[in-house]
Q: 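Structure in structure tokens, see below.
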Amino acid sequence: MAHLNVAIVGCGNIADRYAERIVETPELTLVGATDLDRDRAERLVAANGGEVYGTLDELLADERVDAVINLTIATAHVDVTRAALAAGKHVHTEKPLALRYDDARELVELAEARGVRLSAAPSTLLGEAQQTTWKLVRDGAIGRVRVVYAEANWDRLERWHPDPRGLYAVGPLVDVGVYPLTILTAVFGPVRRVQAYASTLEPERVHRHGWSFRLEAPDWATATLELADEVVVRLTASFYVPPSQQRGLELHGDDGSLFMATWAEFDSRVELQPRGGTYERVPLVREPYAGIDWSRALVDLAEAIEDGRPQRSTGEHAAHVVEVLEAARASADGGGAGVDVRSDFRRPEPLEWAH
Ligand SMILES: NC(=O)c1ccc[n+]([C@@H]2O[C@H](COP(=O)([O-])OP(=O)(O)OC[C@H]3O[C@@H](n4cnc5c(N)ncnc54)[C@H](O)[C@@H]3O)[C@@H](O)[C@H]2O)c1
């Protein structure tokens, strides 16, 4: 059976959810964790097993570690991933792979040079609702798709995150826009051109624990994207607008429309509207995982290594998404001028159960 020994770097907000799923998954073993704040690593290990490493170097020196799970903040992703790849470890990193395309490319090339895998979040494409939607598109349920509306409204993060300043620093397009971007580029191919607009709607924020902070980056952005398969996407991302109906994907084709209520949850509602008809819920291709299964990309990585095939969540794809984000920032900074995107990637295969 495919199996990976994994170790977590960065034991903050999302790490518990990864660790819980790793422990429940037979293909994975949690061998340990590290964090700049040792108490956090100790807490995670006390709850889920493994050992605490005092430093990243100590973790990388442990020969039992096959793969590093990089759950640090966005600004630390490149350094941690680079060190792990250089040490000959496979890496699965949380998004974004990097904040600059040049750094993202460097990591992809380093992984190739070292003969190790670079896997990158987001991996919500691997969910049952997302695979069902993709299958319906492949099967021609709505005919040729020409336009997609993608909504990534994630509300004010200070309502729930212990310290959201790291996420505000990169902004909503980078932090949550990457989810629909990754799904849509997997389905419809690479982005070829971007036009974007960004604005700061509410610069002064007050955390639910009472402290104030000021935003340095826009909290609202919209981008129009031209994809290789001649699909136009309008993507909105915000850390201001509450989710309500605005966390989903609408795909519109010549013969109908598809609606996924949220691109995030594996058990999202999916509805199909034949042209001229009304939206009706469609059954998912199999019984879905409730919520987000944070281990699914790791299991796919373990199986891909075992089978000698590419994993579905690749660094190459994530690097393309980083180039798109960079292009969107350049466009917004340049008054909305169109910016070309050149990188490409091998499109992932659908999961076997969704063929
Ligand atoms: N919080 C969520 O709901 C969520 C959901 C999906 C994805 N993510 C992604 O997961 C990542 C982490 O997010 P989070 O919300 O858990 O952040 P967080 O700030 O809560 O945790 C990050 C942790 O990384 C540690 N860290 C930072 N630099 C480090 C370094 N160089 N070496 C070791 N440890 C280091 C910090 O001390 C902190 O404990 C981000 O990339 C984020 O985009 C978060």
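Atoms within a ligand are numbered from 1 in the order they appear, just like the ligands themselves.
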Q: Tell me if the aromatic rings of Trp154 and Trp263 count as close, with their centers under 6.0 Å from one another.
A: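 Yes: the rings meet the under 6.0 Å criterion.
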Q: What's in the same ILVMFWY side-chain cluster as Val206, cut-off under 4.5 Å, chained through other members?
A: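 Members besides Val206: none; it forms no cluster.
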Q: Do Arg296 and Tyr289 have side-chain atoms, one donor and one acceptor, less than 3.5 Å apart?
A: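 No.
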Q: Give a yes or no on this: more than 12 heavy atoms of other residues, nucleotides or ligands lie within 6.0 Å of atom CD of Glu63.
A: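 At most 12 heavy atoms, drawn from other residues, nucleotides or ligands, come within 6.0 Å of this atom.
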Q: Enter the distance from Leu30:CG to Glu20:CD here, rounded to the nearest 0.5 Å.
A: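 The CG atom of Leu30 sits 11.5 Å away from the CD atom of Glu20.
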Q: Just by distance, do the side chain of Thr314 and the backbone of Ser119 share a donor-acceptor pair under 3.5 Å?
A: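 Looks like no, no N/O pair under 3.5 Å.
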Q: How would you list, by chain and number, the residues with a heavy atom under 4.0 angstrom from ligand 1?
A: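 Residue list for ligand 1: Val9, Gly10, Cys11, Gly12, Asn13, Ile14, Arg17, Asp35, Leu36, Arg40, Leu71, Thr72, Ile73, Ala76, His77, Val80, Glu94, Lys95, Trp160, His161, Asp175, Tyr179, Trp294.
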